[in-house]
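A short write-up of the structure that comes next.
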Amino acid sequence: MTVHRFYAPRSAFIDGLIALGEHETHHLRDVLRLSIDDKISVFDGEGGEYLCSIDEISKRSATLVTLKQTPPSAPESQLDLTLASAMLKGDKFDLVVKKSVELGVTRLVPLITERCDARLKDAAKKIERWQKIVIDATRQCGRATLMTVDEPTEFMVLARNHEENRLPVLFSERRGSSFDSMTPGTKITALVGPEGGWSDAELVAAHINRVSVVTLGGRILRAETASIAIAAILQHRFGDIN
């Protein structure tokens, strides 16, 4: 029997009970048509997963009784991967968000580059939509930890302020070393450019700020495909996809 998964933040856990929010309650009641005493699984976005029983269902909320803590079906990767991906037009970036969750990315940074053709209009609404995509994708893929989505960040800002203990790697179609030259690490920030590629000034800035530049062989990829493929390659080489 399939046990359906739902999300509730830690603040919704009180004295052995869990209060589901309106969005999750709609999915429970109207989409899946679950009933009182049905068993479901709830993840808290911080690595915790719990088997629960439905106690009450109302129009905008549902109350659950916690039965026991269980291990998530998809443990987190040992690779702490930040994906800094150039913002894309339309729903292309939505795809990057969803697949990043599925591939175990820890943190996603929407990147503003010189050749980025996406607009920052309604950035707050975009972030809210991306966070909903993160919750839905996490529910489906079995992770119990939510991927963080940052506010849009300028490339130059990220290049100058990367963490000392985190390996920053910029993937470029030109002027880079081979993938085999990458130093193994458990904390990596992968920077992926827009459809038009990185500008000369951005590549120079990467070298000045000690950001490694790597060029993958093979065919030319669309920007959204490149972000997804690079996340998968890094998880295969340094993470849990093998």
Side-chain angles (χ1 to χ4, degrees), residues 5 43 45-47 49 71-88 91-111 113 130 133-150 153 155 158-159 162-195 197-198 203 206 210-242:
R5 301 181 78 232
F43 64 95
E46 300 178 18
E49 183 109 13
S73 57
E76 290 299 300
S77 172
Q78 67 268 24
L79 174 63
D80 183 350
L81 176 59
T82 292
L83 179 63
S85 178
M87 291 182 63
L88 305 169
D91 59 0
K92 294 178 182 178
F93 202 79
D94 293 356
L95 179 65
V96 173
V97 174
K98 181 178 181 180
K99 298 306 176 183
S100 294
V101 173
E102 294 177 14
L103 289 166
V105 173
T106 306
R107 173 181 165 221
L108 180 64
V109 182
L111 207 56
T113 68
W130 294 334
I133 292 173
V134 168
I135 292 172
D136 289 342
T138 304
R139 183 193 299 118
Q140 293 168 3
C141 76
R143 291 177 69 180
T145 301
L146 293 179
M147 179 183 75
T148 301
V149 180
D150 285 14
T153 303
F155 165 76
L158 188 64
H162 58 80
E163 301 172 34
E164 289 299 325
N165 64 340
R166 179 178 290 277
L167 179 66
V169 183
L170 182 149
F171 288 86
S172 172
E173 73 281 2
R174 58 195 177 96
R175 295 172 61 177
S177 303
S178 69
F179 181 76
D180 290 338
S181 68
M182 278 190 62
T183 303
T186 57
K187 294 184 177 182
I188 297 175
T189 296
L191 295 88
V192 185
E195 295 283 2
W198 301 103
L203 291 176
R210 293 176 290 119
V211 176
S212 300
V213 179
V214 167
T215 298
L216 297 175
R219 56 205 53 80
I220 297 173
L221 303 177
R222 296 180 65 91
E224 64 271 27
T225 306
S227 291
I228 296 165
I230 287 168
I233 290 169
L234 291 173
Q235 286 287 19
H236 174 67
R237 180 68 176 272
F238 305 113
D240 61 352
I241 296 178
N242 46 46

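- Using a 4.0 Å cut-off between charged nitrogen and carboxylate oxygen, Arg166 and Asp80 count as a salt-bridge pair.
- Rounded to the nearest 0.5 Å, atoms NZ (Lys99) and CG (Leu95) are 6.5 Å apart.
- Side chain of Thr225 to main chain of Leu221: no donor-acceptor pair is present (N/O by atom type, distance under 3.5 Å, no hydrogens or angles).
- We find that Glu49 and Arg143 are not joined by a salt bridge, their nearest charged nitrogen and carboxylate oxygen being 4.0 Å or further apart.
- The minimum heavy-atom distance linking Ser85 with Val96 is given by the pair OG-CG1, 4.1 Å.
- Trp198 contributes a side-chain N or O that, together with a main-chain N or O of Phe171, makes up a donor-acceptor pair within less than 3.5 Å.
- Looking at Phe43 and Thr138, their side chains come closer than 4.5 Å, going by heavy atoms from C-beta outward.
- Taken from CG in Leu146 to CZ in Arg107, the straight-line distance is 15.5 Å, to the nearest 0.5 Å.
- A heavy-atom distance below 4.5 Å is found between the side chains of Phe93 and Leu108.
- With values rounded to the nearest 0.5 angstrom, Phe155 atom CZ is found 5.5 Å from Leu170 atom CG.
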Worked verdict on Ser77 versus Gln235 for side chain to side chain donor-acceptor pair (under 3.5 Å): CA-CA 8 Å; Ser77 172; Gln235 286 287 19; 2.8 Å; yes
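- Heavy-atom minimum distance, Gly193 versus Ala223: O-CB, 3.9 Å.
- Summarising the geometry of Arg210 relative to Pro168, their closest heavy-atom pair is O-CG, 4.0 Å, with the distance given to 0.1 Å.
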For Leu79 and Ile188: C-alpha separation, side-chain torsions, deciding distance, then whether side chain to side chain contact (heavy atoms under 4.5 Å, CB included) applies. CA-CA 8 Å; Leu79 174 63; Ile188 297 175; 3.9 Å; yes
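- Taking all atoms of both residues into account, the shortest heavy-atom contact from Ala190 to Leu234 is CB-CD1, 3.7 Å.
- The main-chain N or O of Leu158 is never found under 3.5 Å from a side-chain atom of Thr153 such that the two would form a donor-acceptor pair.
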Could you please spell out the steps behind the side chain to side chain contact (heavy atoms under 4.5 Å, CB included) verdict for Leu88 and Arg222? CA-CA 11 Å; Leu88 305 169; Arg222 296 180 65 91; over 6 Å; no
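- Residues Arg174 and Val213 are not in side-chain contact: their nearest non-hydrogen atoms beyond the backbone lie 4.5 Å or more apart.
- Side chains of Thr186 and Gln78: a donor-acceptor N/O pair is absent below 3.5 angstrom, by distance only.
- Between Val101 and Ile133, every side-chain heavy-atom pair lies at or beyond the 4.5 Å cut-off.
- By the 4.5 Å heavy-atom criterion applied to side chains, Ser227 and Leu83 are counted as neighbours.
- Met147 has its side chain within reach of Val97: a pair of non-hydrogen atoms, C-beta onward, lies under 4.5 Å apart.
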Show the numbers, then the answer: is there a side chain to side chain contact (heavy atoms under 4.5 Å, CB included) between Thr106 and Lys187? CA-CA 10 Å; Thr106 306; Lys187 294 184 177 182; over 6 Å; no
Set out, in order, the CA-CA distance, both residues' side-chain angles and the distance that settles side chain to side chain contact (heavy atoms under 4.5 Å, CB included) for Met87 and Leu111, then state yes or no. CA-CA 6 Å; Met87 291 182 63; Leu111 207 56; 5.9 Å; no
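- A pairwise comparison of heavy atoms in Cys141 and Ala74 identifies O-CB, 3.6 Å as the closest pair.
- One distance of note links NZ of Lys92 with CD of Glu224; it measures 5.0 Å at 0.5 Å rounding.
- A pairwise comparison of heavy atoms in Pro110 and Val149 identifies CG-CG1, 4.4 Å as the closest pair.
- Checking side-chain atoms of Glu173 against main-chain N and O of Ile220 turns up no donor-acceptor pair under 3.5 Å.
- Contact annotation: the side chain of Thr82 never approaches that of Thr148 to less than 4.5 Å [non-hydrogen atoms, C-beta and beyond].
- The backbone N or O of Ile241 sits less than 3.5 Å from a side-chain atom of His236, completing a donor-acceptor pair.
- Interatomic distance, Ile135 CD1 to Gln140 CD, rounded to the nearest 0.5 Å: 12.0 Å.
- Between Asp240 and Glu76, the closest side-chain pair of non-hydrogen atoms is not below 4.5 Å.
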